[in-house]
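Notes follow the structure.
Lettering follows sequence order; numbering is per chain, from 1. What's counted below: heavy atoms across the whole structure, side chains too, no hydrogens, waters or symmetry copies.
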Protein chains: 4
Amino acid sequence: MPRRRAPKTAPRREARQARSRATVEYLLAATAKVLVREGYDRASTNRIAEVAGVNIASLYQYFPSKEALVARVFERYLARLDDALTTCLARIAEAPLWPGLEALLRTFFSLHDDDPALHRALLVHVPQIDRVNPMLALRERMTGALTAYFVQRRGSLRSTDPALAAHLVVTCAEAIKQRAVLEDARLLHQERFVSEVLELVRRYVVARPVSAARARGRPATSGGSRASRRR
Amino acid sequence: MPRRRAPKTAPRREARQARSRATVEYLLAATAKVLVREGYDRASTNRIAEVAGVNIASLYQYFPSKEALVARVFERYLARLDDALTTCLARIAEAPLWPGLEALLRTFFSLHDDDPALHRALLVHVPQIDRVNPMLALRERMTGALTAYFVQRRGSLRSTDPALAAHLVVTCAEAIKQRAVLEDARLLHQERFVSEVLELVRRYVVARPVSAARARGRPATSGGSRASRRR
Amino acid sequence: MPRRRAPKTAPRREARQARSRATVEYLLAATAKVLVREGYDRASTNRIAEVAGVNIASLYQYFPSKEALVARVFERYLARLDDALTTCLARIAEAPLWPGLEALLRTFFSLHDDDPALHRALLVHVPQIDRVNPMLALRERMTGALTAYFVQRRGSLRSTDPALAAHLVVTCAEAIKQRAVLEDARLLHQERFVSEVLELVRRYVVARPVSAARARGRPATSGGSRASRRR
Amino acid sequence: MPRRRAPKTAPRREARQARSRATVEYLLAATAKVLVREGYDRASTNRIAEVAGVNIASLYQYFPSKEALVARVFERYLARLDDALTTCLARIAEAPLWPGLEALLRTFFSLHDDDPALHRALLVHVPQIDRVNPMLALRERMTGALTAYFVQRRGSLRSTDPALAAHLVVTCAEAIKQRAVLEDARLLHQERFVSEVLELVRRYVVARPVSAARARGRPATSGGSRASRRR
DNA sequence: AATGAATGAGAATTCATTCAT
DNA sequence: GATGAATGAATTCTCATTCAT
């Protein structure tokens, strides 16, 4: 089993024609499937090609390594989340501190269910420090955006260190969601759970905790439907 | 590479004699070393035996699989943390809600540096859902203990769901520490960082946020030295 | 077919017990056989292991690569020649220029027939510039020894550059033998052929070409049987 | 890697049109380049096509195999040498034994530097017994021509076996040049080196070694510029 | 005539694990 | 009880070559 010292992840040849694009799709679908059913370690390139019904050599024409395949699957999986968060960030650009942040968190928590099993597999099996790990990139982008968001609302922010606050909020929110996905994804649909998490964040972030009544006012722009459900 | 479907982890034979015990020590030390230097995937039993200077057949006399070796290393690595937390829990058995919890958290954050590289390797490479993962066990025990702790102090607890509160506190604390270990272990020594984290937890946990002055009173029993350093 | 960038040739583990030594022998024999029958390119490690009746993994326990196997076979094959030449060099240490050189050349030409097919395969298929090529080493040693031999007999040497003379003599002798092995190994047994070659060398090396009669006097110490056969 | 048992080398289709011819040129240039830079083994048809900027299927439209490509490159590389030797042979058709032979050898030694790296790659990596190896063909032609040349000058020839003499001369000359190309191509430009080699041949070939003065007379027709440099 | 795509076959190498002494 | 040796089963990755459009 000759292992590459530094697994390459750059795409090899781009699929242009319809047929090859289909091949790539089969491969990615098979990767997800194998990842879910057999785990990262057992997901060999041969197995993936077999499940995809694609020749192993074709696999290597489009992906230079197993890592590249998994990274691509991961990226795709995160793309929706990325889009949703980016959209939400735009929407709350003018919102006050808390309603905006609440909307962002609700968006984050609500978008988890494309394929929970795949989500689990990706979280658990993909080594987390990999520079390629697209979740790291997303996390960093989010931390940056949130820091900027906090800086612009310094007046309402309790902490004097917006970057640190953003770091902690992102870390906690991600961890809470991650554990829920791994252990019981339904939690993320339960308003009892979600609002408890929101409370945790709000009390940390917002400068002078407003009265509970005001705090529970509807979030700025998004997640409204969900927010109203609470009551 | 014939992979066992269900990796065994039970110890095979008690190493009672001195020589046997030495062999086991060599093996565990080698496992840690290889894990750190080459990562989980590259840590083969052959390699470990070689580094340990132990015959591969002897390795299998004491450990039924690679997983068993790694699990044992992990357990050992967590043993100190486990001890410290258990001790601390005993000490704060009678303490009020916050000082006790602060002491517990400080203990948790301060005990991270036996071998950061090993810590990193274990965190990153060992699949996290593994039933064998001793960190899951520790986490569950801690969540249970904290739930009990909260139940006993219901009056001071803000949340009406002690179990959920414990879950969130454990999840966040673990995630924050884990990220620090992976990215910059020195953070856990910086009072600015630690007290920000404590603030996050305190505001969530404690019923009526006491004034800052009272909140910063010294913790109940342990972590005192560190706490006193603050002022 | 993941190819090593720099093929390793250092031996891996030495075979100590009788059983493993036998395994190594089988492997080397199989390497020679496959080399002869199928050529260097077709001689895969899998094929060699199969022919040897040895598990492929065992092969890799003793040899880190195909190159290492071939190099070992080559070394062994050259060992006899090396020995014979070294012995002869000792014998002619005190001999005059020509008889000594003739003895050396006769030794060189006569020792070719352990396994002509293997010889052919080695000559043809093993890339010649490979630093590992043991023939290069032998050639260099011989050139050095011959240079020293010439220096000590400067008076009788026609050329004023012993190193260059040695270089040319070694080059030509090797090439002539090599071509004979490749095309018609019997030539090396025909005195007509051999003495023509000797004449070529003698006329180049010896200062004042002695008369043919004297030149054909018996060589100093070795190769005598063969030499006497001539007349 | 499905290897043909008997690699075909016949050209598949005449490249009559301009574009086709250009394609062929690109392919041959790429073959040479890859051969030099990566060696024979690594020179895959895919790689060659890629470097040539030619579709792999087009490659197979003009060359039936990798061997055919390499053989064609080899032929081209030898064509100049072949031409030069043929021309020289014509020129010395009426020359006396030695001056003619000297001219031929000087021509042979002087024509080596089109692309030493390619020369080296071809010498080292192309299996030498290959029936396709164009150097064998050239060598045979030269040996034949030289035999005829010797036969016509029997009177001046020392040996009584012109064919054997030609064989030895060709073998030695080729070997000397080959080693020079592999180890230090500049040697072939140094008159000290070349004239030593010439001396070796002259003493073997010419019946009654003429005096040094006469032997160094200018060669018959070609290589004169170089020869004149000597004095 | 050219090209994008596909592929069967196989090469090198390693792993986890068990035997026989 | 320790050790040298052995091994079945994978794994990654490439090659020469052919199709289908």
pair A:L69-A:Y62: side-chain heavy atoms closer than 4.5 Å: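 The answer is no; the side chains never approach within 4.5 Å.
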Sub-4.5 Å side-chain heavy-atom contact between C:F63 and C:L28: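 Sidechains of C:L28 and C:F63: in contact.
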Phosphate-side-chain proximity, [X] and [N], N/O vs OP1/OP2 below 4.0 Å:
{"X": "D:T23", "N": "E:dA2", "answer": "no"}
{"X": "C:N55", "N": "F:dG8", "answer": "yes"}
{"X": "C:Y62", "N": "F:dA6", "answer": "yes"}
{"X": "B:S44", "N": "E:dA16", "answer": "yes"}
{"X": "A:S20", "N": "E:dG4", "answer": "no"}

Sidechain-backbone polar pair: B:S65 side chain, B:A68 backbone, donor-acceptor under 3.5 Å: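 Checking the backbone N and O of B:A68 against the side chain of B:S65, a donor-acceptor pair under 3.5 Å is found.
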Rounded off to whole Å, could you give me the [atom1]-to-[atom2] distance for the [X] and [N] pair?
{"X": "C:Y26", "N": "F:dT7", "atom1": "OH", "atom2": "P", "result": "11 Å"}
{"X": "B:L27", "N": "F:dT3", "atom1": "CG", "atom2": "C1'", "result": "14 Å"}
{"X": "D:Y60", "N": "F:dC15", "atom1": "OH", "atom2": "P", "result": "11 Å"}
{"X": "D:R42", "N": "E:dA12", "atom1": "CZ", "atom2": "C1'", "result": "13 Å"}
{"X": "B:L59", "N": "F:dA5", "atom1": "CG", "atom2": "P", "result": "18 Å"}
{"X": "D:K66", "N": "F:dC15", "atom1": "NZ", "atom2": "C1'", "result": "9 Å"}
{"X": "B:E50", "N": "F:dG4", "atom1": "CD", "atom2": "C1'", "result": "14 Å"}
{"X": "B:R21", "N": "F:dG1", "atom1": "CZ", "atom2": "C1'", "result": "17 Å"}

Sugar-phosphate only, base, or nothing, as touched by A:T45 at under 4.0 Å among non-hydrogen atoms: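 The answer is sugar-phosphate, as A:T45 gets under 4.0 Å only of primed atoms, P, OP1 or OP2.
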Under the side chain to side chain contact (heavy atoms under 4.5 Å, CB included) test, residues paired with D:V51 that sit two or more places apart: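 Result, side chain to side chain contact (heavy atoms under 4.5 Å, CB included) vs D:V51: D:A30, D:K33, D:V34, D:R47.
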Residues forming a side chain to side chain contact (heavy atoms under 4.5 Å, CB included) with C:A79, sequence neighbours excluded: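 Result, side chain to side chain contact (heavy atoms under 4.5 Å, CB included) vs C:A79: none returned.
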Paired stretches of DNA chain F - 3 or more consecutive Watson-Crick or G-U pairs, each distance under 3.5 Å: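 For DNA chain F the paired stretches long enough to count as stems (3 pairs minimum) are E:2-21 with F:2-21.
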If the condition is side-chain hydrogen bond (donor to acceptor under 3.5 Å, both in side chains), which residues does [X] pass it with, not counting sequence neighbours?
{"X": "A:R19", "value": "none"}
{"X": "D:S58", "value": "none"}
{"X": "C:R37", "value": "none"}

Residue whose nearest DNA chain F nucleotide is more 5′ - B:A57 or D:A57: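 Looking at DNA chain F, the more 5' nearest nucleotide goes with B:A57.
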5' precedence on DNA chain F between C:I56 and D:N46 (nearest-nucleotide basis):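 Final value for this comparison: C:I56.
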Earlier contact from the 5' end, DNA chain E, for A:S58 and C:R47: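 Between the two, 5'-proximity favours A:S58.
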Out of F:dA16, E:dT7, E:dA2, whichever nucleotide has its closest atom nearest the side chain of D:Q61: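 Among the listed nucleotides, the one closest to the side chain of D:Q61 is E:dA2.
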